[in-house]
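Heads up: the structure comes next, in structure tokens.
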Amino acid sequence: MSKPKVFVTRIIPEKGLSQVQQFCDVDLWTDELPPSRAVMLERVRGVDGLLCLLTDRVDAELLDAAGPQLKVVSNHAVGFDNIVVPDATARGIPVGNTPGILTDATADFAFALLMAAGRRVVEGERYVRAGKWKTWGPSLLLGADFVGATLGIVGFGRIGKAMARRASGFDMRVIYFDPLTPPDPALNAQSVDMETLLAESDFVSLHTPLLPETHHLMNAETFAKMKPNAILVNTSRGQIVDPQALYEALKSGQIAAAALDVTEPEPIPMDSPLLELENLIVVPHIASASTTTRDKMSLMAAANLIAGLKGERLPTCINPEVYKE
Ligand code: DGY
């Protein structure tokens, strides 16, 4: 019997890829850069399954280009703003993602960014490499304290809560804004409105998905409500922060610093004025990039793909309504 045909849009970790290769006839995109839209439209033609990344847009045009035999879309990410899910649902195609397994790695990294920005680690490193380190200085590169500081978490889902647990270990006060999530009595965290969060937080960490309501949630108006010592950390999606407003807030000292794992657009353009700022840390969307986590993501993406190809329910399905009929 012939194997189902799938397009895998990048080399994913071997653990998951080998499972896909065992079960499927794989067309694997091996470049470091994502396939262009034209290539995507071409390569999905006639496939039974698509394993894609957050850099690949999946919408009605792409699903129709694939054809009516397409059985499953598996996203190698927990976030799925690259996929127009209703377009897949309308065609009866289940879509999988990778929730849960990257929670700790992402929260660890968000906390690392928070501490790196608060204690000016990257500035210090640049200072040394630039040959500026002449002696121990009583006022050299002074930063923030964490004990007793207030951490404001925007989005209190799995990763936001994991961030709260880490902050408790540093004796921080934790407040959060998430109108959709009920309080978690196990966590020492207080639900507040966004105004209060902005006004009281020494650190603001973003953990909300990208939705029409969260697009440019951090903008000139919201930055104006933050404390001048505040530090912004973004490990969610770049589009939640207006980059121009962030530049102005950092440049004018309206807020003290920011640390971004994600930017709008990605990658950040090399001529972005943000890159001129000393009080900004930017890294290339690596919050979930621990070896074990990426292995698990590849396995979950493979499991979703293979389940869909077998006509079984996806282990982690974004649009379970496709099973309701
Ligand atoms: C995701 O999974 O959505 C992250 O942004 C990358 O791991």
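Order of appearance sets the numbers: ligands from 1, and atoms from 1 within every ligand.
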> Would you say Ser236 and ligand 1 have an N/O pair spaced under 3.5 Å apart?
Replying inline: no

>> So which atom in Leu275 and which in Pro269 form the shortest heavy-atom distance, rounded to 0.1 Å?
In response: CD1-O, 3.6 Å

> Polar-atom distance check: Leu102 versus ligand 1, any N or O pair below 3.5 Å?
Replying inline: no

> When only distance counts, is Ala77 in polar contact with ligand 1, meaning an N/O pair under 3.5 Å?
Replying inline: no

>> Determine whether Arg166 and Leu114 satisfy the following criterion, side-chain contact (heavy atoms from CB on, under 4.5 Å), listing intermediate values before the conclusion.
In response: CA-CA 11 Å; Arg166 281 150 182 76; Leu114 182 151; over 6 Å; no

>> Assess, by modelled atom type and distance only, whether the side chains of Arg10 and Thr55 contain a donor and an acceptor separated by less than 3.5 Å.
In response: yes

> What orientation do Phe203 and Phe146 show, parallel under 30°, tilted 30 to 60°, or perpendicular over 60°?
Replying inline: parallel

> Without hydrogens or angle criteria, can the side chains of Asp193 and Thr196 be said to hold a donor-acceptor pair below 3.5 Å?
Replying inline: yes

> Considering only heavy atoms of His285, which atoms of ligand 1 have at least one such atom less than 4.0 Å away?
Replying inline: 4 (C), 5 (O), 6 (C)

>> Taking Glu321's backbone N and O only, do any of them form a donor-acceptor pair with Asn319's side chain (distance below 3.5 Å, no angle check)?
In response: no

>> Counting only nitrogen or oxygen atoms and a 3.5 angstrom limit, does His76 reach ligand 1?
In response: no

> Hey, mind stepping through Asn304 and Thr316 against side chain to side chain donor-acceptor pair (under 3.5 Å) and telling me if it holds?
Replying inline: CA-CA 7 Å; Asn304 279 323; Thr316 51; 2.9 Å; yes

>> Out of all atoms in ligand 1, which are within 4.0 Å of some heavy atom of Gly79? Include the element for each.
In response: 1 (C), 2 (O), 3 (O)

>> So if I count the atoms of ligand 1 from 1 in the order they appear, which ones are less than 4.0 Å from some heavy atom of Met297?
In response: 2 (O), 7 (O)

>> Please check: side-chain N/O of Thr222 versus main-chain N/O of Leu198, any donor-acceptor pairing under 3.5 Å?
In response: no

>> Closer than 4.0 Å to some heavy atom of Val78 - which atoms of ligand 1 meet that?
In response: 1 (C), 2 (O), 3 (O)

>> Could you tell me, atom by atom, which parts of ligand 1 come under 4.0 Å of a heavy atom of Ser288?
In response: 6 (C), 7 (O)

> Can you list the ligand 1 atoms lying under 4.0 Å from a non-hydrogen atom of Arg237?
Replying inline: 1 (C), 3 (O), 4 (C), 5 (O)

> Does the N or O separation between Thr98 and ligand 1 drop below 3.5 Å for any pair?
Replying inline: no

>> Heavy-atom pairs closer than 4.0 Å: do any link ligand 1 to the side chain of Leu54, the backbone, both, or neither?
In response: side chain

